[in-house]
Amino acid sequence: MRVRNSSSRTVLRIAVAVPVLTVVALAAIIGCGSGDVPEFDSRSAFTFLEQQVDIGFRYPGSPEHRELQRYLTGRLQDFGANVSLQPFDAVLTTGDTLHLINIIGNYNRGASKRVMIAAHYDTRPYADRDPDPANRDKPIHGANDGASGVAVLLEIARLLGQNEPPVGVDIVLFDGEDYGREGVPIDYCLGSTHFSRHLKGYRPSAAIVIDMIGDRDLEIMMEGYSMAASPELLGELFDIAGELGFEQFRRKKMGAIIDDHLPLIQVGINAVDLIDFNYEYWHTLEDTPDKCSPASLEVVGKVLLHYIWRQ
Ligand SMILES: [Zn+2]
């Protein structure tokens with residue numbers, strides 16, 4: 001089953017009225033200082049993915065969700081981040097209330113220029129895209145959809161703990177991205193929505209959300225809202241990927257996807273989403289680590305690190 005271009009909850013089948021970016025080869029210009037960029041360890045990152053999945057089903061309200069919060073907080077502290085928690089309650093259109101926590105780790109706190117990198121850590125409580133109807137009320141493992149983005153950010157955190165970045169870096173792990181039912185977009189992206197409404201003057205120069213980037217068959221295209229709102233940032237990330245020789249970044253536009261970057265964009269933050277939405281195991285019981293690869297995590301991790309070290 002392929003979900004690409006389906007009438008799913010997240011893909012808006014609207015044509016994004018944005019011209020394809022005119023791309024200029026900047027490799028010769030931007031190839032500075034790459035020798036200082038810490039080396040992303042793909043095996044380490046993949047271990048962080050596996051450890052999350054090993055915890056169990058990590059949807060809000062489950063004991064495993066709480067255990068994951070402890071795991072993430074502990075890792076960030078181990079890696080030298082200044083860790084803070086942003087707890088909040090979210091009331092869904094169903095009337096249910098979820099107790100959620102965004103987890104934030106800061107590096108180089110004294111720097112005024114800051115780059116935010118973010119991913120959601122919660123997993124979906126129902127495999128409503130599973131081919132077998134009997135599975136559609138069961139929770140998913142979320143190896144790609146949940147664990148992959150966090151795994152990359154934890155590996156970056158490990159490296160930032162050993163190598164102070166040239167700018168401030170804020171790692172934001174969002175809760176409550178994936179609890180909503182299809183067709184009810186307001187019940188998605190709860191953590192990023194709360195975060196965006198409580199910025200207290202926080203204004204990163206760039207915010208890069210990563211989601212579903214562990215697919216073994218990785219293909220990242222230019223997401224619609226990102227192209228419309230933050231074309232320069234998106235172009236720079238694709239430039240870096242091109243310079244590093246990562247063909248997994250394809251300069252093709254894709255549909256607009258409701259994800260954690262959208263609430264950030266809506267409050268004026270320069271934000272993009274790096275996502276591979278062509279993943280046949282999306283929201284099924286088959287979203288397991290064997291569908292992901294260390295190499296895919298490395299591609300995205302290296303692009304983020306090089307971006308940070310070029311600021
Ligand atoms: Zn999802």
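Remember, it's 1-based here, ligands and their atoms both numbered in the order they're listed. What you are looking at is a predicted structure, and each value in this text was computed from that prediction instead of being measured. Both backbone and side-chain heavy atoms feed into the values below; hydrogens, waters and symmetry mates do not.
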* Short check: any N/O/S atom of Asp211 below 2.8 Å from the Zn ion (ligand 1)? -> no
* Look at the side chain of Asn144 and the backbone N and O of Gly214, then say whether any donor-acceptor pair between them is shorter than 3.5 Å. => yes
* Please state whether the separation between the Zn ion (ligand 1) and some N/O/S atom of Glu177 is under 2.8 Å? => no
* Structure fact -> With sequence neighbours left out, the residues meeting side chain to side chain contact (heavy atoms under 4.5 Å, CB included) with Asp290 are Thr288
* Structure fact -> Residues passing the side chain to side chain contact (heavy atoms under 4.5 Å, CB included) test with Ala207, sequence neighbours excluded, are Met116, Leu264, Ile269, Ala271
* Asked: Relative to the Zn ion (ligand 1), which of the N, O or S atoms in Asp178 is the closest?
  -> OD2
* What atom name does the N, O or S atom of His283 nearest to the Zn ion (ligand 1) carry? -> NE2
* To do: Find out whether the Lys NZ or Arg CZ of Arg129 is both under 6.0 angstrom from the six-membered ring centre of Tyr281 and within 45° of the ring's axis.
  => no
* Asked: Are Ile117 and Val169 side-chain neighbours, meaning at least one heavy-atom pair lies under 4.5 Å?
  -> yes
* To do: Of all N, O or S atoms in Asp145, identify the one at the shortest distance from the Zn ion (ligand 1).
  => OD2
